[in-house]
J.: 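Below is the structure I would like to discuss, written out as structure tokens.
To find a chain, count down the sequence lines: A is the first, B the second, and so on, and within it residues start at 1. Any value given below was found using the heavy atoms of this structure, including those in side chains, with hydrogens, waters and symmetry copies removed.
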There are 2 protein chains.
Amino acid sequence: MSRFDATENRINLTHQRFSSYPREPAMLVRLVKAISQHVHDTANLVLRQYGLNHTDYNVLMMLYGCQQEGMTVTQLRDAAAEKSANVTRVCNILCDRGWMARYADPQDRRRVLVSLTPEGEALVEQFLPSMSSLLNQYGAAFDARETAQLETLLKRLLGVAEQIEREL
Amino acid sequence: MSRFDATENRINLTHQRFSSYPREPAMLVRLVKAISQHVHDTANLVLRQYGLNHTDYNVLMMLYGCQQEGMTVTQLRDAAAEKSANVTRVCNILCDRGWMARYADPQDRRRVLVSLTPEGEALVEQFLPSMSSLLNQYGAAFDARETAQLETLLKRLLGVAEQIEREL
DNA sequence: TCGGAATAGTTCATTTGTGTACTATTCCGA
DNA sequence: TCGGAATAGTACACAAATGAACTATTCCGA
């Protein structure tokens with residue numbers, strides 16, 4: 001079926017060779033990486049016609065989702081699952097193109113607030129139909145109950161992953 | 001709780017602003033990306049002491065899991081969820097360091113077979129305890145039933161993601 | 001069986017992403 | 001209230017990843 005079957009076999013074999021290597025979590029982690037990669041590639045393909053990539057999209061969407069008030073670079077980093085340095089780089093590009101703006105936070109002058117310009121909002125609304133239909137295709141694989149289950153389990157996994165990283 | 005809550009709010013708001021943007025799949029995709037990133041970062045941190053990164057690890061483990069017979073570069077590409085060009089690059093490094101070897105496939109001379117050297121196997125067995133314990137920490141978040149559920153749902157999502165990409 | 005199409009892998013220029021060091025600002029305990 | 005620790009963001013050199021073009025080989029239908 002899926003190309004993943006071969007991977008599953010290799011994981012099983014590794015577990016046989018080295019028994020403390022746990023089959024189940026290894027599977028989960030590989031699955032997540034594979035899905036993430038396919039989603040990334042597909043999104044890149046769709047977004048290319050707008051001169052954007054998946055990372056740009058993730059950033060723009062988070063800004064769109066917080067409306068006028070804007071958000072800080074750190075919030076953007078967490079929301080887009082990128083490193084600060086990369087967020088800075090992407091923001092430079094998006095600002096240069098006139099889709100977003102930076103301004104100092106009067107409350108805390110270490111912070112930089114970012115938000116979409118009207119041009120940025122227009123851009124988002126231009127690609128949103130394509131991207132929504134793409135997302136709907138993923139969603140079509142599950143009924144409501146499965147979606148909820150998957151979401152719950154993934155949230156838990158994310159929580160654990162965050163904690164493990166923090167404690168390291 | 002998790003830093004993800006803010007993202008969830010933004011997704012909800014976006015759905016309100018633009019109703020065809022589907023909340024659930026957007027959540028799933030964002031969760032997967034966030035988990036993938038945290039796993040990647042954590043693995044990089046652990047593997048650094050061995051002079052490796054997460055991609056190297058993914059490649060080495062797939063080779064370890066197919067024992068002596070070896071595998072082709074394309075199989076490795078699918079197994080590691082990387083692009084061919086990147087697999088070539090990583091293999092160059094791992095070959096240079098003496099951990100894996102390339103040889104022509106006598107059956108089909110377009111193909112290149114790759115496999116671990118004895119030094120490569122020794123390296124894998126050196127980092128495997130740390131990495132196994134890391135994986136076990138992820139696994140500890142779920143009971144057997146939940147693990148099985150999550151695995152099933154993720155396999156389905158992967159299948160869909162592969163298909164959507166193929167059809168694009 | 002010939003020749004165009006498909007497949008496997010690499011090369012290379014470019015884009016994307018990261019670690020680290022640094023500046024500026026704020027926090028907070030003595 | 002002073003000063004060291006923590007936090008926010010950026011700069012920059014370097015590492016990792018990608019798209020596209022290319023070579024070699026195999027496939028397969030006329």
Side-chain angles (χ1 to χ4, degrees), chain A residues 3 33 36-49 51-59 70-97 100-114 165-166 168, chain B residues 3 33 36-38 40-49 51-59 70-97 100 102-114 165-166 168:
Chain A
R3 288 180 212 164
K33 155 124 204 188
S36 183
Q37 182 70 36
H38 283 290
V39 168
H40 184 68
D41 291 346
T42 304
N44 275 340
L45 218 51
V46 171
L47 290 163
R48 171 177 278 188
Q49 60 191 298
L52 297 169
N53 63 30
H54 191 221
T55 307
D56 300 332
Y57 164 84
N58 282 331
V59 165
M71 57 196 291
T72 70
V73 170
T74 297
Q75 290 174 321
L76 203 47
R77 177 201 62 185
D78 293 337
E82 296 292 338
K83 296 287 189 300
S84 310
N86 205 31
V87 172
T88 295
R89 185 182 64 79
V90 169
C91 286
N92 287 340
I93 294 171
L94 298 178
C95 286
D96 285 354
R97 297 191 188 162
M100 51 171 280
R102 273 190 257 235
Y103 44 102
D105 182 345
Q107 310 301 311
D108 181 342
R109 295 192 308 160
R110 291 171 301 181
R111 291 191 179 143
V112 171
L113 293 170
V114 287
E165 192 181 359
R166 234 178 285 124
L168 212 71
Chain B
R3 290 180 212 162
K33 154 124 206 189
S36 183
Q37 182 70 37
H38 282 290
H40 184 69
D41 291 347
T42 304
N44 276 340
L45 219 52
V46 171
L47 290 163
R48 172 178 276 190
Q49 60 191 297
L52 297 169
N53 64 30
H54 190 222
T55 306
D56 301 333
Y57 163 85
N58 282 331
V59 165
M71 57 197 290
T72 70
V73 171
T74 298
Q75 289 174 320
L76 202 48
R77 177 202 61 183
D78 293 338
E82 297 292 340
K83 295 288 189 302
S84 310
N86 205 31
V87 172
T88 295
R89 184 183 63 80
V90 169
C91 287
N92 287 340
I93 295 171
L94 298 178
C95 286
D96 286 352
R97 297 191 188 161
M100 52 171 279
R102 271 191 259 233
Y103 44 102
D105 183 343
Q107 309 302 311
D108 182 342
R109 295 192 308 161
R110 289 171 303 182
R111 291 190 178 144
V112 172
L113 293 170
V114 288
E165 192 180 359
R166 233 179 286 125
L168 212 72

J.: Atom NZ of A:Lys83 to atom P of D:dA8: distance rounded to whole Å?
T.: 16 Å
J.: Go through the steps to decide whether B:Lys83 and A:Asp41 satisfy the test salt bridge (Lys or Arg N to Asp or Glu O under 4.0 Å), and finish with yes or no.
T.: CA-CA 10 Å; B:Lys83 295 288 189 302; A:Asp41 291 346; 2.7 Å; yes
J.: With a 4.5 Å cut-off on side-chain heavy atoms, are B:Leu94 and B:Val59 touching?
T.: yes
J.: B:Arg89 or A:Asp108: which one's nearest nucleotide on DNA chain D is closer to the 5' end?
T.: A:Asp108
J.: First and last nucleotide of DNA chain C touching chain B, 5' to 3', heavy-atom cut-off 4.0 Å?
T.: C:dA6 to C:dT20
J.: Return the value, rounded to whole Å, for the distance between atom CG of A:Leu113 and atom P of D:dA8.
T.: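 About 13 Å, once rounded to whole Å.
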J.: Just to be sure I understand the rule, does B:Asn53 reach a base, reach only the sugar-phosphate, or reach nothing, if contact means heavy atoms closer than 4.0 Å?
T.: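 B:Asn53: backbone/sugar contact only, no base atoms under 4.0 Å.
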J.: Whole angstroms only, please: what is the CZ-P distance between B:Arg48 and D:dC14?
T.: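 Rounded to the whole Å, the gap is 16 Å.
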J.: So what does B:Asn86 touch, heavy atoms closer than 4.0 Å: a base, only the sugar-phosphate, or nothing?
T.: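 Counting heavy atoms under 4.0 Å across all strands, the contact made by B:Asn86 includes a base.
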J.: Starting at the 5' end of DNA chain D, which residue's closest nucleotide do you reach first, B:Ala81 or A:Asn92?
T.: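 First, find each residue's nearest nucleotide; the 5'-ward one identifies A:Asn92.
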J.: Does a donor on one side chain and an acceptor on the other come within less than 3.5 Å for A:Arg89 and A:Asn86?
T.: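 Yes - a donor-acceptor pair under 3.5 Å links their side chains.
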J.: Would you kindly compare B:Thr88 and B:Asn44 by the position of their nearest DNA chain C nucleotide and give the one closer to the 5′ end?
T.: B:Thr88
J.: Grab the CG-P distance between A:Leu47 and D:dT18 for me, whole Å please.
T.: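 So the CG-P distance, A:Leu47 to D:dT18, works out to 16 Å.
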J.: Which is more 5' along DNA chain C, the nucleotide nearest B:Arg111 or the one nearest A:Pro106? Just name the residue.
T.: B:Arg111
J.: Assign A:Arg102 to base, sugar-phosphate, or nothing according to its heavy-atom contacts below 4.0 angstrom with the strands shown.
T.: sugar-phosphate
